[in-house]
Protein chains: 2
Amino acid sequence: MTAGISAPDVDDLTAEAWRRIRSISEDPGVEAASHRVMHETGLTGGPMKALRFLPLTGSLPMRGLSARMGCDHSYVTSLVDTLEERGLAHRESHPTDRRVKVIVLTEEGRRLAGRVQRAYTTPPATFTVLSDAEVATLCDLLRKLDPAGD
Amino acid sequence: MTAGISAPDVDDLTAEAWRRIRSISEDPGVEAASHRVMHETGLTGGPMKALRFLPLTGSLPMRGLSARMGCDHSYVTSLVDTLEERGLAHRESHPTDRRVKVIVLTEEGRRLAGRVQRAYTTPPATFTVLSDAEVATLCDLLRKLDPAGD
DNA sequence: TATTGTTATACTCTATAACTATA
DNA sequence: TATAGTTATAGAGTATAACAATA
């Protein structure tokens, strides 16, 4: 019976779940927060991206930043040049290996980087529609999908 | 009791769910499939992106493509130039409005665009770890998070 | 000899503005 | 006058290759 309308196939549901995961992950709020910082500071996308990957405390070698960003080290040179010109970071020489230069955020750089990094890690407001139990269930299912963690 | 270890806070779980959604959505398989096509054809990212948004059957005005891609129409001109040079698409004039040109994929363009579009819509293999019921639950929770659909 | 960072250079992505043809 | 597409141009992201200093 009810031959005309069939129950949703699991393949369809999987495709829908996948589409929604991609859709939700493109949170306009992240965009908006980044844009706000770019507008306030006049920074362009490259240096902004660097701010996302720089540690708020301590330091990181140039090489470490290119690894985190997944880009060439020559690009990091120009990125850190810009950050230094804006007074957001500076280079220091490595204490034991003099080939290495490490990047350290300034006070202002740390404030900005904090804002940018928070924009990327703060869940969108839409999550409040879920009950605590639903959040737990969702998290559990996502863990199964991505067992390696992160 | 058990004062030392506390149960995971719902905020922590929300943050974790958000992080995992972003992580899962960056499926390396999509990258890989796109890269394969780029390597085979020598196409760069711009024309590849156009292939993602072009209809496999029928046609689309230049203006429609810039709207779908969210880019300026002047950029579409150069993108479709490239597609035409490679024999993947051609322009036709609109039957009633002679200002408009529509884009039509060639046979080869359709094959390529199909591969690219499938790469973007096919769920990663990891989804097979979930039971049918789990997929349904996941989909249901994601619908709540993103009620507008897509 | 291998590695870190820099420089010079070039390619790709993409927008803005001015322009042409058509509505 | 408003709209579709094109052209010229420029800026921003990013890589490659050659190079200097250090290990």
Side-chain angles (χ1 to χ4, degrees), chain A residues 26 30-31 34-35 37-54 59-86 88-104 116 120, chain B residues 26 31 34-35 37-55 58-86 88-104 116:
Chain A
E26 289 163 12
V30 175
E31 266 304 287
S34 284
H35 244 118
V37 174
M38 289 171 81
H39 193 262
E40 284 173 29
T41 61
L43 287 175
T44 58
M48 282 289 294
K49 189 172 171 186
L51 251 22
R52 273 181 58 196
F53 291 97
L54 249 10
S59 65
L60 185 70
M62 303 287 283
R63 217 74 181 186
L65 184 54
S66 63
R68 286 191 187 192
M69 291 181 63
C71 72
D72 194 86
H73 39 280
S74 66
Y75 183 41
V76 167
T77 295
S78 67
L79 256 21
V80 175
D81 283 350
T82 302
L83 258 21
E84 276 195 327
E85 283 160 17
R86 305 302 184 92
L88 302 176
H90 56 88
R91 291 166 166 94
E92 291 178 9
S93 41
H94 191 280
T96 66
D97 187 339
R98 293 201 325 211
R99 291 172 305 181
V100 176
K101 292 174 189 167
V102 300
I103 314 159
V104 183
V116 174
Y120 272 86
Chain B
E26 288 162 12
E31 266 304 287
S34 284
H35 245 117
V37 173
M38 289 170 81
H39 193 263
E40 285 174 29
T41 61
L43 287 175
T44 58
M48 283 289 292
K49 188 172 171 187
L51 251 20
R52 273 182 58 197
F53 291 96
L54 248 10
S59 65
L60 184 71
M62 302 288 281
R63 217 74 182 186
L65 184 54
S66 64
R68 286 191 187 192
M69 291 181 63
C71 73
D72 194 85
H73 38 280
S74 66
Y75 183 40
V76 167
T77 295
S78 66
L79 256 22
V80 175
D81 282 350
T82 302
L83 259 21
E84 278 197 326
E85 284 159 18
R86 304 303 183 93
L88 302 176
H90 56 89
R91 292 167 165 93
E92 291 178 9
S93 41
H94 191 279
T96 66
D97 187 338
R98 293 202 325 210
R99 292 173 305 182
V100 176
K101 292 172 189 168
V102 301
I103 314 160
V104 183
V116 174

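Quantities reported herein were computed from a predicted structural model and do not represent experimental measurements.
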- Task: List the atom of B/Pro47, the atom of B/Thr82, and the distance in Å for their closest heavy-atom pair.
- Result: CG-CG2, 3.7 Å
Do any N or O atoms from the side chain of [X] and from the backbone of [Y] form a donor-acceptor pair under 3.5 angstrom?
X	Y	value
A/Ser34	A/Glu31	no
B/Arg68	B/Phe53	yes
B/Arg86	B/Thr41	yes
B/Ser78	B/Tyr75	yes

- Item | Boundaries of the DNA chain C segment in contact with chain B, non-hydrogen, under 4.0 Å | C/dT12 to C/dA23
- Return yes when atom CD of B/Glu92 has more than 12 non-hydrogen atoms of other residues, nucleotides or ligands closer than 6.0 Å, and no otherwise. yes
- Query: For B/His94, does the NE2 atom have more than 12 heavy-atom neighbours from other residues, nucleotides or ligands under 6.0 Å away?
  - Reply: yes
With a 4.5 Å heavy-atom cut-off, do [X] and [Y] have their side chains touching?
X	Y	result
A/Met38	A/Val116	no
A/Met62	A/Ile103	yes
B/Met48	B/Val37	yes

- Task: Please state how far atom CD1 in B/Ile103 lies from atom P in D/dA4, giving the value in whole angstrom units.
- Result: 14 Å
- Message: Using whole Å, what does the distance between atom P of nucleotide D/dG13 and atom NZ of A/Lys49 come to?
- Response: 10 Å
What are the atom names and distances for every N/O pair under 3.5 Å that joins the protein to nucleotides 20-23 of chain D?
{"residue": "D/dA23", "atom": "OP1", "partner": "A/Arg98", "partner atom": "N", "Å": "2.7"}

- Message: At a heavy-atom distance below 4.0 Å, what parts of residues 64-80 of chain A sit against DNA chain C?
- Response: A/His73, A/Ser74, A/Thr77
